[in-house]
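Throughout, residue positions are numbered sequentially from 1 according to the sequence presented. First listed ligand is number 1; within each ligand, the first listed atom is number 1.
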Amino acid sequence: MPNTPDQYQDLRDAVRDLCAQFPPEYFRKVDEERGYPVAFVDALTKAGWLAALIPQEYGGSGLGLTEASVIMEEINHSGGNSGACHGQMYNMGTLLRHGSDAQKRTYLPRIASGELRLQSMGVTEPTTGSDTTTLRTTAARRGDRYVINGQKVWISRVQHSDLMILLARTTPREEVRKRSEGMSIFLVDLRDAIGHGMTVRPIPNMVNHETNELFFDNLEIPAENLIGEEGRGFRYILDGLNAERTLIAAECIGDGYWFIDKVVAYAKERVVFGRPIGQNQGVQFPIAQAYIDVEAANLMRYKACALYDAHEPCGAEANMAKLLAADASWKAGNACLQFHGGFGFAAEYDIERKFRETRLYQVAPISTNLILAYVAEHVLGLPRSF
Ligand SMILES: Cc1cc2nc3c(=O)[nH]c(=O)nc-3n(C[C@H](O)[C@H](O)[C@H](O)COP(=O)(O)OP(=O)(O)OC[C@H]3O[C@@H](n4cnc5c(N)ncnc54)[C@H](O)[C@@H]3O)c2cc1C
């Protein structure tokens with residue numbers, strides 16, 4: 001176990017106990033069937049882990065992002081994949097930070113109990129991609145309703161969620177001072193929406209990740225489902241994205257440790273040319289380098305968590321943690337695959353599955369280049385590049 005004991009050991013032990021009931025074989029089977037890990041997500045919900053960030057007054061456990069990130073890390077370190085459920089953690093934060101009292105009282109206790117799932121967030125669009133402020137989905141106020149028209153792509157877990165947070169433009173771009181203004185976020189009740197103005201088209205993809213194209217054709221939602229103030233939705237989404245990036249950094253760190261555990265054990269026992277392959281420096285060094293990178297990413301992850309939990313700005317740290325952790329887990333995944341030789345490609349070793357799963361985080365939820373552009377502009381003060 002390469003990560004040293006810390007003050008979250010009790011939490012780690014409890015999550016590990018639950019994960020032990022869902023070993024890598026379970027996730028392998030789900031992956032082969034292109035299914036959804038229903039039993040795992042149910043168990044996680046029942047144990048209260050997905051309500052970690054919900055305050056106790058709303059039925060959750062009132063933990064911080066740091067603890068939430070430890071939960072996600074442990075799932076991935078156990079050989080599982082948090083991608084099936086991590087949305088609940090950070091989407092709920094948007095509701096908690098920007099929702100009205102009435103919205104919080106209506107939804108949070110039911111999310112905490114598992115009666116409602118808030119697993120989805122609809123931001124990305126096919127024509128605009130990373131250039132979010134040019135999105136084309138619109139929400140027009142008509143009396144006590146908003147009417148939604150447009151299209152989204154890559155929206156995850158819609159088929160396993162009851163609610164979705166949706167970003168749409170409420171004021172045309174030409175009528176706002178800054179392009180980040182005039183967008184709003186809404187809570188969409190998927191049970192009412194699907195088939196009544198909203199259509200879902202699943203996207204088969206490289207990872208076993210339930211993700212979809214969404215089409216909105218005069219979908220009507222109650223005006224009271226607007227979260228926060230109209231026009232300020234982009235800022236609210238960015239707030240939530242810091243939590244998302246930090247949690248995903250923790251998942252990559254869990255992946256990184258999993259790959260390193262696995263390859264270290266194999267390199268000690270696999271004998272070729274009369275000695276363990278791990279005795280060769282050509283094998284040792286890439287593994288040691290990946291481990292150093294995971295450890296370094298871990299420090300940035302805890303820094304981002306601490307700032308978020310203290311309600312301090314953490315955009316730079318959350319982005320840097322995500323980039324460092326995604327790079328480190330990718331490096332660890334490459335070393336693990338490489339030093340298993342041909343066996344790394346066999347599904348029964350779980351390496352090729354974890355390799356695909358961790359590769360996603362070079363692109364989603366934000367691509368590595370966009371993080372570099374963010375740091376260049378917002379941290380280093382270089383001229384805006386786009
Ligand atoms: C499995 C999966 C699940 C997802 N789930 C969700 C979800 O639940 N909700 C949601 O809203 N979105 C989701 N996404 C979308 C994801 O956030 C986007 O794919 C990601 O932000 C990249 O956007 P894009 O695909 O439009 O790429 P584009 O913006 O088209 O960019 C393509 C590539 O070009 C490069 N690039 C673009 N612009 C620049 C630039 N200015 N400088 C340098 N390089 C640049 C980047 O390397 C980028 O990878 C998901 C995606 C995947 C694959």
Side-chain angles (χ1 to χ4, degrees), residues 31 34 36 81-94 117-137 148 150-169 179 183 185-188 190 198 200-216 233-234 236-245 247-249 251-252 255 318-319 322-323 326-327 330 353-378 382-386:
D31 182 69
R34 292 281 153 181
Y36 184 82
N81 180 12
S82 304
C85 57
H86 57 197
Q88 181 108 334
M89 289 275 193
Y90 49 79
N91 292 334
M92 191 284 310
T94 306
R117 298 162 301 174
L118 175 52
Q119 294 275 19
S120 298
M121 177 174 65
V123 174
T124 308
E125 299 195 356
T127 53
T128 48
S130 305
D131 190 4
T132 309
T133 58
T134 58
L135 63 76
R136 294 186 185 170
T137 298
I148 316 280
Q151 192 181 339
K152 297 280 175 187
V153 71
W154 299 114
I155 310 307
S156 303
R157 299 168 295 274
V158 171
Q159 299 163 58
H160 295 90
S161 189
D162 302 296
L163 304 166
M164 172 178 73
I165 288 174
L166 177 74
L167 182 68
R169 190 159 273 291
R179 57 187 177 166
M183 284 175 278
I185 51 172
F186 301 90
L187 203 55
V188 176
L190 294 165
M198 177 177 155
V200 180
R201 187 187 294 162
I203 309 175
N205 61 85
M206 172 177 163
V207 192
N208 178 33
H209 191 95
E210 190 249 279
T211 189
N212 309 275
E213 243 182 316
L214 307 182
F215 302 88
F216 303 97
F234 187 66
Y236 301 154
I237 285 281
L238 285 186
D239 244 21
L241 292 183
N242 288 332
E244 178 190 57
R245 278 159 205 173
L247 289 174
I248 288 180
E251 292 171 32
C252 289
D255 283 342
N319 275 290
K322 154 74 169 60
L323 182 140
D327 280 357
W330 179 232
R353 170 178 61 82
K354 292 283 281 180
F355 184 82
R356 285 183 277 120
E357 288 168 358
T358 219
R359 179 63 177 83
L360 173 64
Y361 298 126
Q362 293 284 329
V363 169
I366 179 172
S367 87
T368 302
N369 274 359
L370 269 287
I371 293 182
L372 294 171
Y374 174 90
V375 171
E377 183 188 337
H378 295 282
L382 290 166
R384 187 178 173 84
S385 60
F386 52 81

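For atom 34 (O) of ligand 1, the protein comes within 4.0 Å by no heavy atom at all. Distance screen at 4.0 Å: atom 11 (O) of ligand 1 has a protein heavy-atom neighbour inside the cut-off. For atom 14 (N) of ligand 1, a protein heavy-atom neighbour is present inside the 4.0 Å cut-off.
Ranking the protein heavy atoms by distance from atom 1 (C) of ligand 1 puts Leu360 CD1, 3.6 Å first. In this structure, atom 3 (C) of ligand 1 lies nearest to the protein heavy atom Ser156 OG, 3.3 Å. Looking only at protein heavy atoms, the nearest one to atom 9 (N) of ligand 1 is Met121 O, 2.8 Å. At the shortest separation from atom 29 (O) of ligand 1 among protein heavy atoms lies Ser130 OG, 2.6 Å. Among protein heavy atoms, atom 41 (N) of ligand 1 sits closest to Phe386 CD2, 3.4 Å.
Near Gly129, the atoms of ligand 1 lying under 4.0 angstrom from a non-hydrogen atom of the residue are 26 (O), 29 (O). Set against the non-hydrogen atoms of Ile155, the atoms of ligand 1 under 4.0 Å away are 7 (C), 8 (O), 9 (N), 10 (C), 11 (O).
Using a 4.5 Å heavy-atom threshold, the side chains of His209 and Ile203 count as separate.
Heavy-atom distances between Ser385 and ligand 1 stay at or above 4.0 Å for every pair. Look at Ile203 and you'll find every heavy atom at least 4.0 Å from all atoms of ligand 1. Not close to ligand 1: Val207, with no non-hydrogen atom less than 4.0 angstrom away.
We find the OG1-CZ distance between Thr132 and Arg179 to be 10.0 Å, quoted to the nearest 0.5 Å.
Proximity of Leu370 to ligand 1, defined as any heavy-atom pair under 4.0 Å, is confined to the side chain (atoms from C-beta onward).
Under the side chain to side chain donor-acceptor pair (under 3.5 Å) rule, Lys354 has a single partner from Asp255, Asp31, Asn81, which is Asp255.
Below 30°, between 30° and 60°, or above 60°: for Trp330 and Phe355 the angle between ring planes is between 30° and 60°, a tilted geometry.
By heavy-atom distance, the residue among Ala376, Ser367, Ser161 lying nearest atom 49 (O) of ligand 1 is Ser367.
Under a 3.5 Å cut-off, the side chain of Arg245 and the backbone N or O of Lys322 do not form any donor-acceptor pair.
For CZ of Arg136, the number of neighbouring non-hydrogen atoms (other residues, nucleotides, ligands) closer than 6.0 Å is 12 at most.
Side-chain N/O atoms of Asp162 and Gln119 include no donor and acceptor closer than 3.5 Å.
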